[in-house]
Amino acid sequence: MKIFNTLTRKIEEFHPIRKGKIKMFVCGPTVYDEIHVGNGRTFVLFDSFAKYLRFKGYLLFYVQNITDVDDKIIDKAKDENVAFSTISERYLNIFMSYMERLRVESVSLYAPASLFIDEIISQIRRLIRRGYAYRGDDGIYFSVSKFDDYGSLSGQKPDNLIPGVRKSVTSSKKNFQDFALWKDMKPGEPWWSAPWSKGRPGWHIEDTAITEYFFGYTYDIHGGGSDLIFPHHEAEIAQMRSISGRKTYARYWMHTGMVNMASEKMSKSAGNIVKIGNVLSRFRPEDLRFFYLNSNYRNVLDFSMDLLEESSTARMRIQNLYRKLGDTGEFTGNHNIELGSIRKKFLSHLDHDFDTRSALREVLHLTSVAFSSIDRLSPASAEEIKRFLMEVDSIFGIISPEKREGNLSRILSGIIAYREELRRARKFDESDRLRSLLREAGISLEDRAGKTEWSVIE
RNA sequence: GGAUAGGUGGCAGAGUGGUUAUGCGUGGGACUGCAGAUCCCAUCUACUAGGGUUCAAAUCCCUACCUAUCCUCCA
């Protein structure tokens, strides 16, 4: 398997530190608001990637942090005049419920920063002791000039940075490139006791504290959005390598491209966000997953409801084939589709920097091949294709589960039989009315050769 | 100013030296009472611009232009 490593800017052969085992960390959300379509891309992509790694037989330990101590959370708590934990818990719950709906189920463990304060303090203490960190007027800072390789991930040289391009330089840093490890308490803000002051951790230190706790000094894969490369991931490398003294922190860095709205990055500050909930009220979770996976994860992905609609159309072909193959006993032909080469290509695309888009192209190709000979298909071939689609779904999560509860099935078979009587009597107005009423109730009817099929569409 | 990734048909998006990408869309047809699903046929001959290398360039080189992301908020 090969993956693009941001550290080297090359597609490299992947070798885990310990054969057969992978430790992967992905930067999670700051729980101060509902996540948007841009955030969702990263979580769905790495969910799918994690499922693929397990599919390949790796024993994967996948940790994601939750930033639940942060300026934005505190600001929002002040606005609403509630405790900061009220805010973080509220949006953590919403985040988790969206992850469930989006079928993101591969994360071994979610680690909220607030539960790792001891580990954070321990790291800062070691950084101070080794001379990498210093006390400023309002907190503890990491001295970037002490760490020679700063900038190795992003290609940035500290001297070329322009101070205050996006954020005003106000604090008591020695150099503007330095970043906060610990922020001293201000009135009304949450705080924890550290040997040097009461306060709260900076953003970058929480991830290294969490990964050290679970993984140790080095681990296999670190993922996140490409907007985190600098400074966040650069800072993580500086912190952990300064502590460990090793040349390597995470061995492979994978970054997802941004989701753009009308050619501009979707972000809260740009005011162009589309919340996940907004999408899920109009599309199935599987449509959104397909939309994400139908692109190269490193490229910028343009979002619009129209593009999502297109994506949904393509996905439905796979869904329809899967449904059509539902009862493989119905197939009586003797035509066999050569699935082996399709499956092989599918897997080799995933092995090449997790190229989900090309892999999906193979699946869509299969739908064309299968549909064009569907009437002649042998039961064995139908079964084989169905198994393959289930395999695809176990990695991608793009086929909506069929809901065929026993009660509903019994009720509907009566209704469908009645509608059939109406149709035979050529009372089409009434039979169509029945169909549209059921559709409003979320049940779709489709008349196929001599038989009416139903499915739940919501 | 610096760093990184790009610019391909109506849209999305592969393709790194020589052959139709593909999908969506659009038009027509088949099937159906209709709808939906599906199939068949057609449509589209495109590579930011200029120059260079070559028998041959979307692909390699140079120049210019344009776009996105980052430069201590961010998935």
Side-chain angles (χ1 to χ4, degrees), chain A residues 6 9 26-30 32 35-46 64 67 70-72 142 144 151 153-169 171 173 176-180 202-204 223-232 234-235 255-260 263-270 291 294-296 298-302 304 306-307 309-314 316-317 319-321 323-324 355 357-358 360-362 364-365 367-368 370-375 423 426-429 431-432 435-436 439 444-449 453 455:
Chain A
T6 308
R9 314 241 162 229
V26 172
C27 288
T30 301
Y32 76 108
I35 59 166
H36 58 68
V37 172
N39 302 318
R41 183 186 197 186
T42 301
F43 304 133
V44 167
L45 186 280
F46 282 104
Q64 196 173 307
T67 301
D70 174 84
D71 292 352
K72 288 178 178 174
F142 185 95
V144 165
L153 181 69
S154 59
Q156 297 279 9
K157 295 186 178 66
D159 293 345
N160 286 338
L161 299 177
I162 297 177
V165 162
R166 302 190 72 174
K167 194 185 183 183
S168 56
V169 184
S171 62
K173 298 172 183 182
F176 76 90
Q177 296 95 337
D178 296 347
F179 54 85
W203 179 38
H204 314 302
S226 63
D227 54 350
L228 299 184
I229 294 172
F230 191 94
H232 185 51
E234 209 71 77
H255 292 98
T256 48
M258 295 295 99
V259 175
N260 282 189
S263 300
E264 193 189 359
K265 176 186 166 186
M266 185 182 292
S267 69
K268 195 105 198 288
S269 49
F291 175 74
N294 197 212
S295 68
N296 181 311
R298 288 190 282 128
N299 291 164
V300 168
L301 177 59
D302 262 304
S304 72
D306 283 350
L307 289 169
E309 191 74 54
E310 261 187 39
S311 207
S312 174
T313 306
M316 281 310 291
R317 281 178 65 76
Q319 176 102 33
N320 288 333
L321 177 63
R323 194 198 299 161
K324 182 85 183 170
D355 185 354
R357 191 189 155 88
S358 298
L360 276 177
R361 203 178 57 207
E362 291 303 325
L364 286 168
H365 173 66
T367 63
S368 293
F371 270 128
S372 64
S373 62
I374 196 103
D375 296 332
R423 292 179 70 212
R426 305 195 69 79
K427 294 180 179 172
F428 293 126
D429 283 354
S431 71
D432 287 355
R435 182 171 61 192
S436 67
R439 185 160 188 94
S444 148
L445 296 188
E446 287 173 27
D447 300 320
R448 306 240 163 99
E453 294 188 2
S455 57

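In what follows, chains carry the letters A, B, and so on, assigned in the order in which the sequence lines appear, proteins first and then strands, with residues in each chain numbered from 1. Computed from a predicted structure; not experimentally measured. Heavy-atom basis, side chains included; hydrogens, waters and symmetry copies ignored.
- One interatomic measurement links the two molecules: NE2 of His204(A) to C1' of C70(B), which rounds to 13 Å at whole-angstrom precision.
- Residues His204(A) and Pro231(A) meet the side-chain proximity criterion, which asks for heavy atoms closer than 4.5 Å.
- Contact record, Ser226(A) with Gly257(A): OG-CA, 4.2 Å, taken as the closest heavy-atom pair.
- Computed from coordinates, the Arg435(A) CZ to A35(B) C1' distance equals 4 Å when rounded to whole Å.
- In this structure, Asp355(A) atom CG and U22(B) atom C1' are separated by 13 Å, rounded to whole Å.
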Just the dot-bracket of RNA chain B, please: which string comes out with Watson-Crick or G-U pairs under 3.5 Å, [ ] for crossing, | for another strand?
((((((((.[[[..)..(...]]]((((((.......))))))....[[[[[..)....]]]]])))))))....
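- Atom NZ of Lys265(A) and atom P of U67(B) are 19 Å apart (whole Å).
- The residue among Arg317(A) and Gly257(A) whose nearest nucleotide of RNA chain B lies closer to the 5′ end is Arg317(A).
- Residue Arg357(A) places none of its side-chain N or O atoms closer than 4.0 Å to OP1 or OP2 of G15(B).
- Taking atom CZ of Phe179(A) as the reference point, atom P of C71(B) lies 15 Å away to the nearest angstrom.
- Counting only heavy atoms from C-beta on, Asp447(A) has its side chain closest to A35(B) among A35(B), U72(B), A75(B).
- Separating the CG atom of Leu445(A) from the P atom of G36(B) is a distance of 14 Å, rounded to the nearest angstrom.
- Residue Ser226(A) has no polar side-chain atom (N or O) positioned under 4.0 Å from OP1 or OP2 of C70(B).
- Within 4.0 Å (heavy atoms only), Asp70(A) reaches no atom of the nucleic acid at all.
- Note on Asn260(A): every side-chain N or O is 4.0 Å or more away from OP1 and OP2 of U67(B).
- We find that CG of Asn294(A) is positioned 8 Å from C1' of G23(B), with the value rounded to whole Å.
- OP1 or OP2 of U38(B) sits under 4.0 Å from a side-chain N or O of Asn320(A).
- Between Asp306(A) atom CG and U26(B) atom C1' the separation is 15 Å, expressed in whole Å.
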